[in-house]
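Some notes on the structure that comes next.
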Amino acid sequence: MKIFNTMKKRKEEFVPIEAGKLKMYACGPTVYNYFHIGNARAFLFFDVVRRYFEFLGYDVTYVQNITDIEDKLIKQSQEEKLPVSKIAEKYIKAFLKDTKALGIKPADHLPRATEYINEMIKLIQKLEKKGFAYQVDGDVYFSVSDFKEYGKLSGKKIDELKTGARVDENKNKKHPADFTLWKKAKPQEPNWESPWGKGRPGWHTECVVMSRTLLGETFDIHGGGNDLIFPHHENEIAQAQASTGKALAKYWMHNGYLNIEGEKMSKSLNNFFTTRDILKKYDQETIRFFFLSKHYRSPIDFNEDILIESRKAVNGFYQLFKEVDYPHISSKHEYDEQQKDLKKKFIAAMDDDFNTAKAISYLFEILKLYRKLKDVNLIYLLIELGQSLGFFQNIEDRLQKNLNDISEELVKLLIDYRKQFKREKRWEWADRIRADLKEIGIQLRDTSEGTDWELQE
RNA sequence: GGCGACAUCGCCAAGUGGUAAGGCAAAGGUCUGCAAAAUCUUUAUCCCCGGUUCGAAUCCGGGUGUCGCCUCCA
């Protein structure tokens, strides 16, 4: 198994710290709003990493944090005129609901920042004691100049950051790249008591504390979106290593960004999509296929045409499941040599830094082969491999659901035909449609607006 | 200004030195009352220019173009 390690900027052989076990941490949501389709890529991808390791037989512990105290929550609380804690509750619920709708298996632990304030204070104190942190007027900063490896992950040099056009001027900071560990509370803001007065933790500290508490001082994989490399993960590394002298994580994985029709998604460009809205039109497997058909480290362009293609591609598999009358198919036997070989190829693709696009092509090969050979084992193979990517989690439901979705369309279609018959004064057919629908419990009602219908029970 | 990524068939996308996977779309054949599905067949020399090599989409140099990070962001 090879993984591209951002820290080394190349693929490395994956060797778990403890044989047979994977300890993984991926940055979760800041719960100030519904998460967007770009977030969905990261959440989905790390879901696949987790599932795939489980498929390989690893005992996986997966932690995903929830940032429930942060500037954006405070801002949102002012906009919605709700306390920060209510904002957090609201969007945590939405996060859980939407990730479930995406077919994402919940992480083993979903720790919240506000549950770890004391531990964060302890970490900051330790950094202070070791000379990596300093306090100015109730704020505490991490001194990047004192941590010589700073910039190791992102490949940035402290001096270049200084001359960069966009580093903010903060007179309290010794160095412009120094980052906040503890932020002094402004009036009306949520705050906690600390040795430096009332305030709240800076963003990067929570991940260090929660990951180490739940996974140990050094764990296997730390993941997140590309944009988190700098400064977030860089700052995590600085705090973690400064405090213990040990690496925080062995492998750093980052997924590429999502663009909307070639442009960065942003609210100001008016091309901002919440996952929740996308899910109204496209099912989770379509979205999953869309993301997994491209390598996770590449940028991906989001547009509806591609989603529609993805849906068609996924439907091909369900067409097959429908035809073979899943699940009424006989039980599986040993895979034969050809089937074992396909499985091997699939695994080889995934083992090469999660080449999901290639892996998916083998799913299509299996489908084609089944069409040819009608060997039911191929269906099992297809499902087994597909599930390691999160597909085919509930085949029966989906076959069923498609029918439900479509029945409403069918009624509308019949109403249209009846309208045409009425226009042509072919009353016998128009009436027959009305009568036949009533027979199966659907009552039509003509109004001046058009034709309504309702179910009669 | 600094750093980095990418450019492969109409569209999406694998492929990182050995002669271009897969999906969608399209065309034609089989099947079918007609359609749909299925099935068979067809469709690329890889942005441009140089170089290295027996051999390059794959390596090197130079262009051009697109995007990202350097500020909260997955």
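Because only heavy atoms are used, hydrogens play no part in the values below, and waters and symmetry mates are left out as well, while side chains stay in. Sequence lines set the chain letters: A, B, ... in the order given, protein chains first and strands last, and positions in each chain run from 1. Owing to the predicted nature of the structure, the values given are computational and were not obtained by experimental measurement.
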What residues from residues 105-116 of chain A pass a heavy-atom cutoff of under 4.0 Å to RNA chain B? none
Are any side-chain N or O atoms of A:Asn191 and backbone N or O atoms of A:Ala185, one a donor and one an acceptor, separated by less than 3.5 Å? no
Which pairs count as salt bridge (Lys or Arg N to Asp or Glu O under 4.0 Å) when at least one residue sits in residues 298-314 of chain A, sequence neighbours excluded? A:Lys281-A:Glu304
Given B:A21, B:A74, B:A14, identify the nucleotide with an atom nearest to the side chain of A:Leu228. B:A74
Using the P atom on both, measure B:A74 against B:G15 and round to a whole Å. 27 Å
Interatomic distance at P, B:A13 relative to B:G68, whole Å: 16 Å
Using OP1 and OP2 only, check whether a side-chain N or O of A:Lys312 sits under 4.0 Å from B:A25. yes
Atom-to-atom span, NZ of A:Lys368 to P of B:U39 - whole angstrom: 9 Å
In whole angstrom, give me the gap between the C1' atoms of B:A21 and B:U43. 16 Å
Which nucleotide wins on minimum distance to the side chain of A:Ser361, given the candidates B:C69, B:G23, B:A21? B:A21
Quantified in whole Å, what is the C1' atom distance between nucleotide B:G22 and nucleotide B:U32? 29 Å
What residues, two or more places apart in sequence or in another chain, satisfy side-chain contact (heavy atoms from CB on, under 4.5 Å) together with A:Pro83? A:Ser85, A:Lys86
Choose from B:A14, B:A74, B:G23 the nucleotide whose nearest atom is closest to any side-chain atom of A:Phe364. B:G23
Base partner of B:C47, which must satisfy Watson-Crick or wobble distances under 3.5 Å: B:G63
Nearest to the side chain of A:Ile306, which nucleotide is it out of B:A14, B:C11, B:C72? B:C11
Which sits closer to the 5' end of RNA chain B, A:Ile300 or A:His232, going by the nucleotide each is nearest to? A:Ile300
Is the shortest side-chain N/O distance from A:Asn355 to OP1 or OP2 of B:G15 below 4.0 Å? yes
Nucleotide by nucleotide, 5' to 3', does protein get under 4.0 Å of the base (B), only the sugar-phosphate (S), or neither (-) in nucleotides 27-33 of chain B, counting heavy atoms? -------
Can you see if the side chain of A:Lys156 gets near the phosphate of B:C3 - specifically, an N or O under 4.0 Å from OP1 or OP2? no
Can you check the distance between B:A25 and B:C60, where both ends of the measurement are the C1' atom (answer in whole Å)? 38 Å
Taking for each residue the nucleotide of RNA chain B bearing the nearest heavy atom, is the 5' side occupied by A:Pro231 or by A:Asp352? A:Asp352
Is there a Watson-Crick or G-U wobble partner for B:C3 with both distances under 3.5 Å, and which nucleotide is it? B:G68
For A:Glu70, give me all partners under side-chain contact (heavy atoms from CB on, under 4.5 Å), at least two apart in sequence or on another chain. A:Thr30, A:Thr67, A:Lys72, A:Leu73
Nucleotides 35-37 of chain B: which of its N/O atoms have a protein N/O under 3.5 Å away?
unit_1, atom_1, unit_2, atom_2, d
B:A37, O2', A:Gln319, NE2, 3.4
B:A37, O2', A:Glu323, OE2, 3.3

